[in-house]
Amino acid sequence: MTAAVARLIGRAAELGRAAWNACANPTGRADPHPFTRYEFFEAVEESRSATPKTGWQPVHLVIERAGRIEGLMPLYVKAHSQGEYVFDRAWADALERAGGDYYPKLQACVPFTPVTGRRLLIAAGADTEATRQALLRAGATAVEQLKCSSLHITFPTEEEWRAAGCLGYLQRTDRQFHWENRGYESFDQFLGELSSSKRKNLKKERASVREAGVEFDWLSGSDITEKHWDTFFRFYMDTGGRKWGRPYLTREFFSRASAGMADQIVLILARRGGKHIAGALNFLGEGVLFGRHWGATEFVPFLHFEACYHQAIEFAIANGLAKVEAGAQGEHKLLRGYEPVAVYSAHFIAHEGLKRAVENYHVAERQAIAENIEDLTAASPFKKSSPSS
């Protein structure tokens with residue numbers, strides 16, 4: 001058998017759509033995971049959102065055999081820890097206090113996207129286990145090759161997380177809130193699964209938004225125009241600028257993503273008096289609606305919850321989707337029918353002292369996260385007698 005060769009490339013565009021998507025979508029799904037597709041990486045890199053200038057240098061890792069790309073790990077050299085949603089700043093501080101350099105580091109991830117998905121992309125016909133191990137081993141080797149402190153694989157699948165742990169990567173967990181469609185035919189049927197007090201609260205929130213004169217447009221595919229993106233970008237910049245200082249995505253990103261994968265984009269726009277005042281951007285794939293960005297230029301009580309959570313649930317029910325993943329953090333989602341689930345990350349740290357400290361910390365952290373998920377599940381808004389309890 002021809003030996004496998006690992007090599008680092010630069011931008012996704014240097015590998016190309018065909019080779020990338022052969023690994024990202026090996027079964028040829030009509031609705032692939034949106035955040036493993038070439039089109040998303042091309043949009044985020046070529047729009048100058050994730051570039052060396054912004055602290056994201058693409059060095060994607062491939063496994064090649066007989067001239068064919070069989071495995072791919074989306075990979076970046078990072079000069080900071082922004083836009084990752086798995087927080088390691090305490091590790092950086094600890095290593096720097098000990099006289100080491102935490103940056104640059106390697107990040108195997110989807111930029112600015114805290115969504116679980118495959119990080120070890122494997123083409124059809126390749127040996128899955130052998131290629132996965134080759135990517136993980138080559139990733140660890142790249143840490144030394146590129147003079148980095150560490151490699152962090154964020155939001156992989158649980159299977160990939162376990163595989164990384166078997167090769168000595170440190171294992172970390174966290175939690176998010178996802179909504180599950182249990183065969184609902186309407187939003188009211190979903191509400192009927194909730195306890196009386198929670199159901200009344202959600203109805204009051206939704207009524208408040210309606211009484212404020214707000215209506216919603218669901219846009220996808222060719223229905224989304226550049227004018228809509230101009231409008232949404234204004235919302236994104238206004239809210240993002242107040243929340244974290246400098247939003248990550250450029251205006252060009254939205255045009256590029258729309259050009260490459262419009263059928264996997266759902267833009268929910270809130271309208272009052274004939275004018276759009278807020279919007280929520282979602283991506284669609286593998287039967288899941290992924291909520292990503294939100295913004296508004298007018299304040300309406302409960303509008304954020306309605307646009308991002310309730311409208312997403314309504315869209316999922318109307319389109320027979322299995323789940324809604326509403327992004328990172330936010331225990332307020334629990335009261336709106338989103339339930340806690342574990343998410344994962346795996347870490348290869350070259351510095352032995354830091355590795356030991358982080359490993360000890362992770363043991364306690366994983367236990368705390370598991371207990372937190374158990375406690376939150378017990379506090380679910382669903383009726384205790386319902387199938388959701």
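Throughout, numbering of the chain's residues begins at 1 and tracks the sequence. The basis for the numbers below is simple: all heavy atoms, side chains too, and nothing from hydrogens, waters or symmetry mates.
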More than 12 heavy atoms of other residues, nucleotides or ligands under 6.0 Å from [atom1] of [X]: is that the case?
| X | atom1 | answer |
| --- | --- | --- |
| Glu374 | CD | no |
| Glu144 | CD | no |
| Glu159 | CD | no |

Handout entry: Among Phe305, Phe177, Tyr309, ring pair (Phe, Tyr, Trp, His ring centres under 6.0 Å) partner for Tyr338
Key =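 Exactly one candidate clears the test, Tyr309.
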Handout entry: ring pair (Phe, Tyr, Trp, His ring centres under 6.0 Å) partner of Tyr248, the single match among Phe253, Phe112, Tyr236
Key =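 Running ring pair (Phe, Tyr, Trp, His ring centres under 6.0 Å) over Phe253, Phe112, Tyr236 with Tyr248 returns exactly one hit, Phe112.
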Practice task
Would you sort out whether Phe155 and Tyr85 count as a side-chain contact (heavy atoms from CB on, under 4.5 Å), showing the intermediate values?
Solution key: CA-CA 9 Å; Phe155 301 100; Tyr85 302 91; 4.0 Å; yes
Can you tell whether the side chains of [X] and [Y] come within less than 4.0 Å, N to carboxylate O?
| X | Y | result |
| --- | --- | --- |
| Lys78 | Glu84 | yes |
| Glu160 | Arg132 | no |
| Arg256 | Glu46 | no |
| Arg182 | Glu339 | yes |
| Glu226 | Arg251 | yes |
| Glu359 | Lys355 | no |

Problem - Cluster link Leu249 to Phe283, ILVMFWY, side chain under 4.5 Å - result: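 In one cluster with Leu249: Phe283, yes.
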Problem - Ring-face cation of Arg206 near Phe187 (centre distance under 6.0 Å, axis angle within 45°) - result: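 Relative to the ring axis of Phe187, which defines the angle, Arg206 lies inside both limits.
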Practice task
Please say whether the positively charged group of Lys323, taken as NZ for Lys or CZ for Arg, lies over the ring of Trp179, i.e. under 6.0 angstrom from the six-membered ring centre and within 45 degrees of the axis.
Solution key: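 No, Lys323 does not sit over the ring of Trp179.
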Any side-chain to backbone donor/acceptor pair from [X] onto [Y]? Under 3.5 Å, distance only.
| X | Y | answer |
| --- | --- | --- |
| Arg172 | Val358 | no |
| Ser195 | Phe382 | no |
| Gln133 | Ala130 | no |
| Asn282 | Val266 | yes |
| Asn181 | Gly320 | no |
| Lys383 | Gly192 | yes |
| Ser258 | Phe254 | no |
| Tyr169 | Ile153 | no |

Exercise for the section: Could you note down all residue pairs passing ring pair (Phe, Tyr, Trp, His ring centres under 6.0 Å) where residues 207-226 supplies at least one of them, sequence neighbours left out? Expected result: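 Applying ring pair (Phe, Tyr, Trp, His ring centres under 6.0 Å) to every pair that reaches into residues 207-226, excluding sequence neighbours, yields Trp218-Phe315.
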Exercise for the section: Quickly, which of Ile268, Leu202, Val209, Val214 forms a side chain to side chain contact (heavy atoms under 4.5 Å, CB included) with Glu306? Name it, please. Expected result: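 For Glu306, the side chain to side chain contact (heavy atoms under 4.5 Å, CB included) test succeeds with only one of Ile268, Leu202, Val209, Val214, which is Val209.
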Handout entry: Partner of Trp20 under side chain to side chain contact (heavy atoms under 4.5 Å, CB included), chosen from Glu39, Arg37, His60, Glu42
Key =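 So the option named by the test is His60.
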Exercise for the section: Classify the ring geometry between His304 and His332 as parallel (under 30°), tilted (30 to 60°) or perpendicular (over 60°). Expected result: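 His304 and His332: tilted rings.
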Problem - Trp229 ring center within less than 6.0 Å of His293 ring center - result: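 Between His293 and Trp229, the centre distance exceeds or equals 6.0 Å.
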Handout entry: Check: His33 ring centre within less than 6.0 Å of Phe40 ring centre
Key =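 Between Phe40 and His33, which both carry aromatic rings, the centre distance is not below 6.0 Å.
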Looking only at side-chain N and O atoms, does [Y] offer a donor or acceptor that is under 3.5 Å from a partner on [X]?
| X | Y | value |
| --- | --- | --- |
| Asp88 | Tyr102 | yes |
| His228 | Thr225 | yes |
| Tyr76 | Glu45 | yes |

Exercise for the section: Report the C-alpha distance between Leu321 and Val288 in whole Å, list the side-chain angles of each, state the deciding distance to 0.1 Å, and finish with yes or no for side-chain contact (heavy atoms from CB on, under 4.5 Å). Expected result: CA-CA 6 Å; Leu321 302 180; Val288 180; over 6 Å; no
